[in-house]
Every structure is written in C-alpha cells, then in structure tokens.
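Here the structure comes first, spelled out in structure tokens, and everything after it is commentary.
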There are 2 protein chains.
Amino acid sequence: MYTIGEISKKFNLNISTIRYYDKEGLFPNIKRKNGIRKFDNSDVESILVIECLKKTGMKLKEIKKFLDWCTQGDSTLNNRLKMFIEQKNKTLSQIDELKKALNLINYKCWYYEEAVKRGSDKDLKNIDINNMPNEIKSFYINWQKNK
Amino acid sequence: MYTIGEISKKFNLNISTIRYYDKEGLFPNIKRKNGIRKFDNSDVESILVIECLKKTGMKLKEIKKFLDWCTQGDSTLNNRLKMFIEQKNKTLSQIDELKKALNLINYKCWYYEEAVKRGSDKDLKNIDINNMPNEIKSFYINWQKNK
DNA sequence: ATAAAACCTAAACCTAAGTTTAGGTCAAGT
DNA sequence: ACTTGACCTAAACTTAGGTTTAGGTTTTAT
C-alpha cells in the first residue's frame with residue numbers, strides 16, 4: 001500500500017495530476033483510510049496502463065472506460081478486446097506517420113548541413129537532384145508531388 | 001495563386017484553422033488583394049511543413065520561429081539546422097516510446113483474445129508464462145518488473 | 001504536546017489549438 | 001443591378017489535461 005506521495009515519486013507524476021486522475025475516475029476501486037488514499041497493486045497497474053495508453057494518444061475518458069470495464073467482469077471482455085485491437089491499429093499508423101515526418105526532417109537536416117557548410121542556401125535551392133544522397137533524393141522527388 | 005477555400009479543400013483543413021494559422025504568423029509573407037488572402041507556392045510549402053512538424057509534436061510557436069528564420073536569410077542557417085537536429089532526436093524517441101506502448105497493447109490483445117475464447121479471464125490471471133507466445137512472454141516478464 | 005510535513009477538497013486558473021458567432025465586404029453569374 | 005457564395009475580422013467559446021490557490025485535516029517526529 002502506497003501513499004500518494006510515494007506514487008508521485010515512483011512514477012514521477014505531479015501529486016495534483018494523480019488527484020486529477022482519481023477525480024476523473026481512473027482508480028475505480030481505490031481505498032482510503034481517514035480520507036487518505038491508499039494505492040494498492042491494482043492501482044499501480046492502472047497507472048502503468050494509463051501512462052502507456054496516454055502515449056498512444058488515448059484520451060483519459062477512453063482509458064476510464066477500459067478501467068471501468070475491468071471492474072465489470074466477463075461480460076465486457078469483447079469490448080476490451082475490440083478497444084485494444086483499434087488502439088493497436090491507431091498506434092501502428094501513428095508510427096508510420098512519424099516515420100514519414102522523419103523523412104522530411106532528415107531532408108531538412110541534410111539541407112541545412114549543406115547550407116551551413118556553404119555559408120548560404122542560395123545555390124542549394126536549384127541543386128541538381130543527382131548531387132543528393134540517395135535517400136534524400138527519393139524523399140525530395142516524392143515531396144515535390146504534393147505541390 | 002490559391003484562395004483560402006481552395007487551400008482548405010486541397011489539404012483538408014478547416015478554413016478557420018487556416019485563418020488561425022495566419023493570425024499566429026505562420027504565413028509570414030502572404031499576399032492579399034482587396035483584403036483577400038492569395039496563397040502562393042511558398043505558402044503551400046509552409047502548410048506542408050506545418051502539417052509535418054505538427055505530427056511530431058512541435059508547437060505552432062516553434063514552427064513560426066522556423067518560418068520566420070527562413071525569411072531572415074543566411075544568418076539563421078545554424079539555428080535552423082540545430083532545430084531540425086533536435087526535432088529528429090525527439091521524433092526518434094517518440095517512435096521508440098510508441099513501440100514500447102505497442103508491446104503492452106499486443107499483450108492486451110493476446111490476453112483478451114484468450115479470455116474471449118475461454119469466456120472468462122479468471123484462469124488467465126494465473127497462467128503459466130510458458131503457455132504464452134514468446135513475444136508476449138518476454139514483454140510480460142519485463143512488465144512485472146515495473147511493480 | 002506540538003510543530004512540521006504530508007495529506008485533503010473545491011474552485012479558480014492556465015495553455016494550446018482550434019471552432020463558433022455576429023456582423024460585415026467582395027466577386028461571379030444572370 | 002442584384003443575388004449568392006466566398007471571403008473578411010474580432011471576440012467569445014470550447015476541450016483536454018492539467019496546475020495553482022486557499023483553507024482545512026492527519027500523521028509523524030521530537
């Protein structure tokens with residue numbers, strides 16, 4: 001059993017954030033002693049799940065829905081499975097989007113490294129694509145199509 | 001030269017969002033004719049960059065800083081390079097975090113598929129880890145360490 | 001027994017990134 | 001010339017996810 005201060009340190013979360021999560025219903029079965037919260041293993045498990053799902057862009061309301069389903073027993077197993085399959089797909093496409101964004105960023109890194117070397121990017125704007133490294137070149141050709 | 005309505009369709013952005021970006025200074029050199037915005041190729045380029053960097057979690061203020069540097073000429077080349085190198089690292093760690101989150105999600109998918117098959121997750125809570133698929137098993141062992 | 005540290009609530013406040021509303025102006029087709 | 005659709009601004013409103021503040025308990029250490 002942990003106090004809110006211990007949890008705060010353990011997971012490096014602001015105390016007010018933990019209280020806010022509680023207010024939003026993210027610890028459906030948390031215990032109290034004289035009004036003071038006592039976090040047990042299942043509450044710690046909730047925090048780990050919250051932290052993880054938040055990273056994938058899941059809203060606190062959705063996460064609460066899952067945690068509530070967990071306390072409601074076997075009748076909600078299908079809902080829970082469906083939720084995780086959806087979140088898996090969302091996360092896969094996020095990774096994909098980030099990789100695409102990374103291509104632009106890598107291009108810009110190459111561009112500004114060259115520009116800094118030359119002291120200017122004037123000549124770089126009309127550079128022959130055959131003077132670009134291969135990955136940069138193929139990104140550049142694709143990028144031009146958006147316009 | 002495009003109107004705001006054309007840009008809105010082309011990039012599937014709400015018109016108010018584009019006006020908001022303009023208000024925030026994200027089209028530093030946009031032209032107007034009788035008060036009406038005319039988007040040229042460089043404004044289109046800005047939109048592509050904005051969309052891309054936003055996905056990596058960059059704030060509009062940071063993006064504006066970059067766009068402003070672009071209009072200020074060669075003296076800001078170093079700043080721009082530094083910004084993209086930082087953003088590259090941030091994006092790489094975001095991808096990493098998402099992959100970690102995906103491990104939990106894959107575990108949960110496995111867990112609830114099993115549970116749905118069995119009609120209950122009671123027995124699953126004490127399952128022998130040797131009955132888990134290998135990837136699931138290695139995630140599970142690691143996950144237990146957080147507690 | 002008492003002071004300090006850690007806990008509590010309710011409510012106000014904050015920020016980013018928009019969206020909505022109200023009241024107007026401009027441009028294109030008939 | 002006139003109507004309609006597309007454009008304009010300023011300002012209020014919205015949402016999520018907190019953070020801060022003010023005023024009050026509880027626990028812990030001396």
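Letters A, B, ... are given to chains in the order of the sequence lines, protein chains preceding strands, and every chain is numbered from 1. Excluded from the calculations below are hydrogen atoms, water molecules and symmetry mates; all remaining heavy atoms, backbone and side chain alike, are included.
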Does the side chain of N34(A) get closer than 4.0 angstrom to OP1 or OP2 of dT27(D) through an N or O atom? yes
Just compare dG18(D), dA27(C), dT27(D) and give me whichever is closest to any side-chain atom of Y21(A). dG18(D)
Under 4.0 Å between a side-chain nitrogen and a carboxylate oxygen: does that hold for E51(B) and K54(B)? no
Using a cut-off of strictly less than 4.0 Å, decide whether R37(A) has a side-chain nitrogen or oxygen near OP1 or OP2 of dC8(C). yes
N14(B) has its side chain closest, among dT19(C), dC8(C), dG18(C), to dT19(C)
Roughly how far, to the nearest 0.5 Å, is CZ of F139(B) from CG of L104(B)? 4.5 Å
Check whether any side-chain N or O of T17(A) sits under 4.0 Å from OP1 or OP2 of dT19(D), and answer yes or no. yes
Report the residue (K54(A) or K9(B)) whose heavy-atom-nearest nucleotide on DNA chain D is the more 5′ of the two. K9(B)
Whole angstroms only, please: what is the CD1-P distance between I18(A) and dC7(C)? 9 Å
Nearest to the side chain of R19(B), which nucleotide is it out of dA27(C), dT9(D), dT19(C)? dT9(D)
Which of the following nucleotides, dC8(D), dT19(D), dA17(C), is nearest to the side chain of Y20(B)? dA17(C)
Could you tell me the separation between the NZ atom of K33(B) and the P atom of dA27(C), rounded to a whole number of Å? 7 Å
Nearest of dG17(D), dC7(C), dC26(C) to any side-chain atom of I4(A)? dC7(C)
With no hydrogens and no angle check, do the side chains of T56(A) and Q87(A) hold a donor and an acceptor under 3.5 Å apart? yes
Base, sugar-phosphate alone, or nothing: which one does K61(B) contact when heavy atoms must sit under 4.0 Å apart? sugar-phosphate
From NZ of K38(A) across to P of dA6(C) the rounded distance in Å is 14 Å
Using a heavy-atom cut-off of under 4.0 Å over every strand shown, decide if S16(B) touches base, sugar-phosphate, or nothing. base
E24(A) versus K64(A), closest heavy-atom pair with distance: O-CD, 3.1 Å
